[in-house]
> 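Sharing a structure here in structure tokens format.
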Amino acid sequence: MNMAAIEPRDWLKQLAQPSMTRQHIEWLDTLQNEARQQLSEQLIPHRKQELWRYSNVESLFKEHYQVDDGKNQAIKRLDIHGFFITELETHRVVLVNGVFSAEFSNMSDLPEGVQLVSLNDAIHKEPDLLSNLLKQSADLNRHVFSNLNTANLCDGLFLQIDENVQLNKPVEIINVSFSAEMQVAIHPRNICVLKQGASATIIDRYVSTGDSHYFNNNFTQITLDKNARLNHYRVQQESRNAHHLGSISVSQQASSEYRNSSFSLGGHWSRTELDIDFKNQYAQCHLQGLYIVGDEQVQDFHLNIRHDVPSCSSSENFKGILYGKGKAIFDGLIYVARDAQKTDAHLSNKNLMLSRQAEIDSKPQLEIYADDVKCSHGTTIGELEQQQIFYLRSRGIHEETAKKMLCLGFAGEVINDIEIDSLKQQLLKQVSRALRTASLNNDE
Amino acid sequence: MLSIKNLHVEIENKLILKGLNLDVKAGEVHAIMGPNGAGKSTLSHILSGREGYSVTEGDVLFENEDLLDFSIEERAHKGIFLAMQYPVELPGVNNMLFLKESLNAMRNARGEQPLDSIAFMKLVKEKAALVKLDEKLLKRDVNSGFSGGEKKRNEIMQMALLEPKLTILDETDSGLDIDALRIVAEGVNTLRNQDRAMIVVTHYQRLLEYIQPDFVHVLADGKIVKSGDKQLALELEEKGYSWLKQEDAA
């Protein structure tokens with residue numbers, strides 16, 4: 001497009017205009033106005049800041065987006081069913097450009113003690129609870145994009161599971177994004193609260209139609225009470241024109257367990273931020289991820305694991321495959337406060353470079369103020385081994401297939417951990433496809 | 001089947017093979033013996049197509065085609081199999097999946113349909129039994145965490161599965177105890193027939209007690225310096241490689 005670039009501050013302000021369509025709710029208006037106020041004062045992300053150094057956030061500010069007014073009729077013609085995974089049985093929530101779609105969602109047969117509704121519904125039906133939860137997240141004081149999300153907040157998902165209730169069937173959130181006449185900015189907000197001893201699995205999927213051009217600025221806040229367990233899968237396979245910023249903020253009480261497996265395969269510019277906050281002892285989190293990145297792509301992962309209390313454990317295992325001129329950023333911080341004795345924290349980032357022109361900026365960080373802890377971190381950056389390729393070829397396997405097998409082997413550690421078979425098969429297919437695009441024979 | 005004439009091979013500008021001649025006919029087993037650094041492994045690698053070597057002179061014909069024209073996988077498709085001295089580990093690559101991919105690549109090259117899963121499983125289990133390879137190892141990643149003996153058995157199992165015309169056993173005996181050696185040799189022997197040929201590259205005579213060669217060649221300083229029958233191997237064992245050098249000098 002030929003429009004002149006505007007200042008980032010104005011870019012943000014334009015996208016944070018109050019909605020004309022939403023009916024007024026006083027506490028929400030106040031919250032959103034506060035967010036807008038912060039937006040006009042907060043530091044603008046810039047390459048000179050450590051958190052944004054390699055991300056090229058400037059490219060995002062050059063895009064021209066409009067707030068989606070929700071009136072777009074093209075939604076009706078979308079083939080949402082094409083995004084369903086066969087044999088995957090779930091409580092399905094479909095968000096189309098961030099707005100809940102009753103037509104495509106299927107939330108029947110929920111067990112007692114499970115509340116799964118659109119965020120908009122929850123805001124109207126349980127204003128006290130929701131205003132509390134949303135205010136909590138406002139206090140997290142994140143960057144401008146979180147405030148942008150709040151300023152635009154209108155829909156998403158609300159999941160609450162009562163004490164000791166086990167939700168066996170996974171909750172699947174299909175985030176379908178698309179652009180028709182205009183490039184849009186989308187700001188879904190998901191809130192998950194698992195009460196004491198509750199457990200659930202969430203499959204969070206980000207997909208788009210064709211080569212849609214949009215900015216998906218999603219924000220997920222998760223609260224795990226004592227002994228609660230959440231297994232969270234997150235799959236981003238969006239269009240090559242998409243900008244994606246996913247912020248996940250997890251607050252963990254004693255002995256709770258959070259597992260996250262993140263797969264970032266699509267998009268033009270994709271950033272995933274995982275913030276884990278241990279609030280009480282013996283909680284644990286296990287995060288793993290896989291990113292595949294090629295020409296005209298940026299994949300960015302930021303982990304911020306805060307051990308403020310003793311005896312919690314965390315592990316992070318992220319792997320990347322880079323080809324062409326792909327660029328990836330991995331920034332993993334483990335912070336261990338002075339009181340957080342007996343912390344057990346391990347972080348690993350491994351990268352496979354299929355091309356000399358690809359770039360990885362890997363920054364594992366341990367910031368430790370306690371003295372009785374077990375912590376480690378490590379990064380590797382390597383290429384496919386010629387000896388391994390030779391071995392496979394000497395058994396009659398074509399060079400390209402051989403390389404693909406080795407890449408899949410590298411990625412396998414993360415994929416094989418998926419406990420849901422149909423999802424695992426789907427991801428194997430997606431990863432194979434992404435590797436096919438990697439044109440493995442052309443590595444210069 | 002295989003005819004090597006006046007082969008000269010360089011690696012990083014250093015001449016390793018200096019005019020090697022060798023003729024192998026179907027049904028024959030040839031042992032290549034020689035001291036370290038004589039060029040035994042270079043010979044194995046040049047036949048299988050490993051990169052990093054350059055042929056400066058001479059020819060290698062396999063079934064009357066110029067073998068050096070073919071890629072690594074094409075050589076495999078034509079029926080050449082190298083049982084490696086140091087089989088590499090392939091973390092994350094499932095052994096069964098690998099074997100299936102390999103067998104079907106061979107079948108595809110021959111214009112045959114891929115085997116279905118059931119037929120494939122049956123075949124692999126049969127071949128694994130032949131070399132007493134624990135079936136559990138089929139489910140693991142290729143060679144990952146395998147013992148030395150298990151790796152070599154996995155090699156011979158692949159050979160049994162792929163049924164090559166020409167097999168090169170590159171120091172298959174290295175790192176094997178006597179029991180493993182016997183099992184591996186038995187596996188090899190069951191595959192001997194009048195259509196297949198084998199080149200057994202070894203440093204010691206020990207392996208040849210189990211795999212009886214039709215011919216024994218001594219490779220020293222990049223050339224075959226002496227050829228004979230299996231008696232030659234015994235003689236070498238007794239007198240050592242220095243014996244040849246003295247004889248040369250005489």
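Keep in mind that this is a model prediction, so the values were computed, not measured. In what follows, chains carry the letters A, B, and so on, assigned in the order in which the sequence lines appear, proteins first and then strands, with residues in each chain numbered from 1.
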> Using the side chain to side chain contact (heavy atoms under 4.5 Å, CB included) rule, take A/Met405 and B/Phe98 through it: C-alpha gap first, then chi angles, then the decisive distance, then the call.
CA-CA 8 Å; A/Met405 286 171 77; B/Phe98 155 67; 4.2 Å; yes
> Find out whether A/Ile389 and B/Ile72 are in side-chain contact, i.e. whether some heavy atom of one side chain is under 4.5 Å from a heavy atom of the other.
no
> Pick whichever of A/Ala402, A/Ala411, A/Gly409 has the most heavy-atom pairs under 4.5 Å with chain B.
A/Gly409
> If you count the non-hydrogen atoms of other residues, nucleotides and ligands that lie under 6.0 Å from CD in B/Glu112, is the total more than 12?
yes
> Between B/Pro87 and chain A, with a heavy-atom cut-off of 4.5 Å, which part of the residue counts as in contact: side chain, backbone, both or neither?
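Backbone plus side chain of B/Pro87, per the 4.5 Å heavy-atom cut-off to chain A.
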> Are there more than 12 heavy atoms of other residues, nucleotides or ligands under 6.0 Å from atom CD of B/Glu63?
yes
> Please check if the side chain of B/Glu73 supplies one atom and the backbone of A/Ser394 the other of a donor-acceptor pair under 3.5 Å.
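Such a contact is absent between B/Glu73 side chain and A/Ser394 backbone.
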> Taking all heavy atoms of A/Gly396 and all of B/Ala105, pick out the closest pair and write down the distance.
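Closest heavy-atom pair between A/Gly396 and B/Ala105: O-CB, 3.2 Å.
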> Between B/Gln158 and chain A, with a heavy-atom cut-off of 4.5 Å, which part of the residue counts as in contact: side chain, backbone, both or neither?
side chain
> For B/Tyr86, does the OH atom have more than 12 heavy-atom neighbours from other residues, nucleotides or ligands under 6.0 Å away?
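At most 12 heavy atoms, drawn from other residues, nucleotides or ligands, come within 6.0 Å of this atom.
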> Considering only heavy atoms, which portion of B/Arg50 lies under 4.5 Å from any heavy atom of chain A: side chain, backbone, both, or neither?
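Looking at B/Arg50, backbone and side chain both touch chain A.
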> Look only at the side chain of B/Ser102 and the backbone of A/Arg395, and say whether a donor-acceptor pair between them is shorter than 3.5 Å.
yes
> If you draw a 6.0 Å radius around NZ in A/Lys169, do more than 12 non-hydrogen atoms from other residues or ligands fall strictly inside?
yes
> A quick test of your reading: do over 12 heavy atoms of other residues, nucleotides or ligands sit less than 6.0 Å from CD of A/Glu87?
no
> Is there a side-chain contact between A/Phe410 and B/Pro91 (heavy atoms, below 4.5 Å)?
no
> Under the side chain to side chain contact (heavy atoms under 4.5 Å, CB included) criterion, do A/Thr401 and B/Glu101 qualify, and how do the steps go?
CA-CA 9 Å; A/Thr401 312; B/Glu101 196 74 48; 3.5 Å; yes
> Taking NZ, NE, NH1 and NH2 as the nitrogens, is one of them in A/Arg393 or B/Glu51 under 4.0 Å from a carboxylate oxygen of the other?
yes
> Could you check which of A/Leu406, A/Ile397, A/Leu392, A/Asn416 has the highest count of heavy-atom pairs closer than 4.5 Å to chain B?
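With the most close heavy-atom pairs to chain B, the winner is A/Ile397.
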> Heavy-atom count around B/Asp66 CG within 6.0 Å, excluding the residue itself: above 12?
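More than 12 within 6.0 Å, yes.
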> Taking atom CD of A/Glu399 and atom OG of B/Ser71, what is their separation to the nearest 0.5 Å?
8.5 Å
> For B/Arg192, I'd like to know if atom CZ has over 12 heavy atoms of other residues, nucleotides or ligands within 6.0 Å.
yes
> Using non-hydrogen atoms only, which part of B/Glu74 is less than 4.5 Å away from chain A: side chain, backbone, both, or neither?
neither
> Mind running side chain to side chain contact (heavy atoms under 4.5 Å, CB included) on B/Glu89 and A/Tyr391 for me, showing each step along the way?
CA-CA 9 Å; B/Glu89 303 196 357; A/Tyr391 189 83; over 6 Å; no
> Against chain B, label A/Gln388 side chain, backbone, both or neither, depending on which of its atoms sit under 4.5 Å from a heavy atom there.
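Answer is both: backbone and side chain atoms of A/Gln388 are under 4.5 Å from chain B.
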